[in-house]
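Bear in mind that the values here come from a model prediction, so they are computed numbers and not experimental data.
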Amino acid sequence: MRHSRRCGQLGMGLFGMLFLAILIAFIGLVAVRVLPTINEYLTIEKAVKKVLDENPGSVPAIRTAFDRQKDIEYSISSISGSDLEVSQQGDKTTVSYAYEREVPVIEPVFLLIKYKGSHTK
């Protein structure tokens with residue numbers, strides 16, 4: 001009675017490990033390049049909410065208040081108060097914004113990220 005054993009390689013080979021290391025490094029590179037843009041977007045959202053909570057009133061006052069917040073928050077560089085779309089209907093004020101960020105991954109490859117948001121008070 002012969003027992004047939006499976007004599008094969010178990011685990012990952014050298015090329016598999018190399019491929020996995022390159023894949024993890026690429027994902028890490030993209031994450032390191034994208035995270036600052038996500039932080040900027042969250043900072044812009046927080047600044048717009050703070051401006052609306054202050055109830056500045058008119059459209060120019062909202063834009064000026066956002067520019068003041070932008071001066072305080074060092075990470076906002078993609079938009080300014082003039083880029084905000086402000087609409088007022090009765091006692092409700094809506095502030096909308098949209099912008100794009102180009103993130104260089106590996107020259108000549110870029111990642112285009114489109115951000116947009118809207119807040120009503």
Side-chain angles (χ1 to χ4, degrees):
M1 207 181 238
R2 287 179 104 177
H3 294 284
S4 64
R5 282 191 187 168
R6 194 170 186 187
C7 295
Q9 176 183 349
L10 299 176
M12 190 179 295
L14 178 64
F15 289 112
M17 291 283 282
L18 185 61
F19 177 75
L20 185 63
I22 290 172
L23 183 65
I24 290 172
F26 181 74
I27 291 170
L29 174 70
V30 171
V32 165
R33 303 260 172 121
V34 168
L35 285 176
T37 67
I38 294 171
N39 182 44
E40 180 184 28
Y41 173 73
L42 295 174
T43 305
I44 290 170
E45 278 200 335
K46 188 171 45 171
V48 169
K49 286 179 186 176
K50 189 171 184 177
V51 165
L52 285 176
D53 287 342
E54 292 174 357
N55 270 340
S58 67
V59 173
I62 291 172
R63 290 186 171 143
T64 303
F66 181 81
D67 284 334
R68 274 185 278 148
Q69 282 293 354
K70 180 182 170 191
D71 291 340
I72 294 170
E73 298 289 342
Y74 65 92
S75 64
I76 300 175
S77 62
S78 295
I79 66 171
S80 64
S82 61
D83 297 323
L84 299 176
E85 295 178 19
V86 183
S87 63
Q88 294 178 328
Q89 293 181 351
D91 60 341
K92 289 189 177 186
T93 303
T94 301
V95 178
S96 302
Y97 50 92
Y99 63 98
E100 298 176 351
R101 286 292 303 263
E102 241 182 39
V103 178
V105 178
I106 298 173
E107 203 62 42
V109 176
F110 290 87
L111 181 63
L112 178 66
I113 305 173
K114 296 182 179 185
Y115 291 106
K116 68 178 180 177
S118 179
H119 297 283
T120 303
K121 173 87 177 184

Fill in: Ring geometry between Tyr41 and Tyr97 (parallel below 30°, tilted from 30 to 60°, perpendicular above 60°)
tilted
Worksheet item: If you measure from NZ on Lys116 to OG on Ser96, what distance do you get to the nearest 0.5 Å?
Response: 9.5 Å
Item to complete: Evaluate the side-chain proximity of Arg101 to Ile38: yes if any heavy-atom separation is below 4.5 Å, no if none is.
Response: no
Worksheet item: How many angstroms lie between CG in Asp53 and NE2 in His119, if you round to the nearest 0.5 Å?
Response: 10.5 Å
Worksheet item: Got Glu54 and Gln69 here, is their nearest side-chain heavy-atom distance under 4.5 Å?
Response: yes
Worksheet item: Are Ile72 and Ile44 co-members of a hydrophobic cluster defined by side-chain heavy atoms under 4.5 Å apart?
Response: no
Response to the item:
Minimal heavy-atom distance between Phe66 and Gly81, with the atoms involved, is CD2-N, 3.6 Å
Item to complete: Could you pull out all residues at least two apart from Leu18 that satisfy side chain to side chain contact (heavy atoms under 4.5 Å, CB included)?
Response: Ile22
Worksheet item: Any donor-acceptor pair under 3.5 Å linking the side chain of Arg33 with the backbone of Val103?
Response: no
Item to complete: Answer whether the closest heavy-atom distance between the side chains of Ser80 and Asp67 falls below 4.5 Å.
Response: yes
Item to complete: For the residue pair Phe15 and Met17, establish whether any side-chain heavy-atom pair is separated by less than 4.5 Å.
Response: no
Worksheet item: With distance as the sole test, does Asp71 use its side chain to make a donor-acceptor pair with the main-chain N or O of Arg68 at under 3.5 Å?
Response: no
Worksheet entry | Backbone N/O of Gly117 and side chain of Glu45: donor-acceptor pair under 3.5 Å | no
Discussion item. Main chain of Leu84, side chain of Arg63: is a donor-acceptor contact present, judged purely on distance under 3.5 Å?
Written reply: yes
Discussion item. Working to the nearest 0.5 angstrom, can you tell me the gap between Lys70 NZ and Ser77 OG?
Written reply: 7.5 Å
Worksheet item: Is there a path from Val32 to Phe26 through hydrophobic residues (I, L, V, M, F, W, Y) whose side chains come within less than 4.5 Å of each other?
Response: no
Item to complete: Would you name the heavy atoms of Asp83 and Ser78 that are closest together and state the gap between them?
Response: OD2-O, 4.2 Å
Response to the item:
dist Leu14:CG -> Phe19:CZ (nearest 0.5 Å) comes out at 14.0 Å
Worksheet item: Take atom CZ in Phe110; do more than 12 heavy atoms of anything else shown fall under 6.0 Å from it?
Response: yes
Item to complete: Classify the side-chain pair Tyr115/Thr37 by whether it contains a donor and acceptor separated by less than 3.5 Å.
Response: yes
Worksheet, complete the sentence: Taken to the nearest 0.5 Å, the spacing of Glu100 CD from Ile113 CD1 works out to 10.5 Å
Fill in: Interatomic distance, Leu29 atom CG to Ile24 atom CD1 [nearest 0.5 angstrom]
14.0 Å
Worksheet entry | Heavy-atom donor-acceptor pair, Glu102 side chain to Leu111 backbone, under 3.5 Å | no
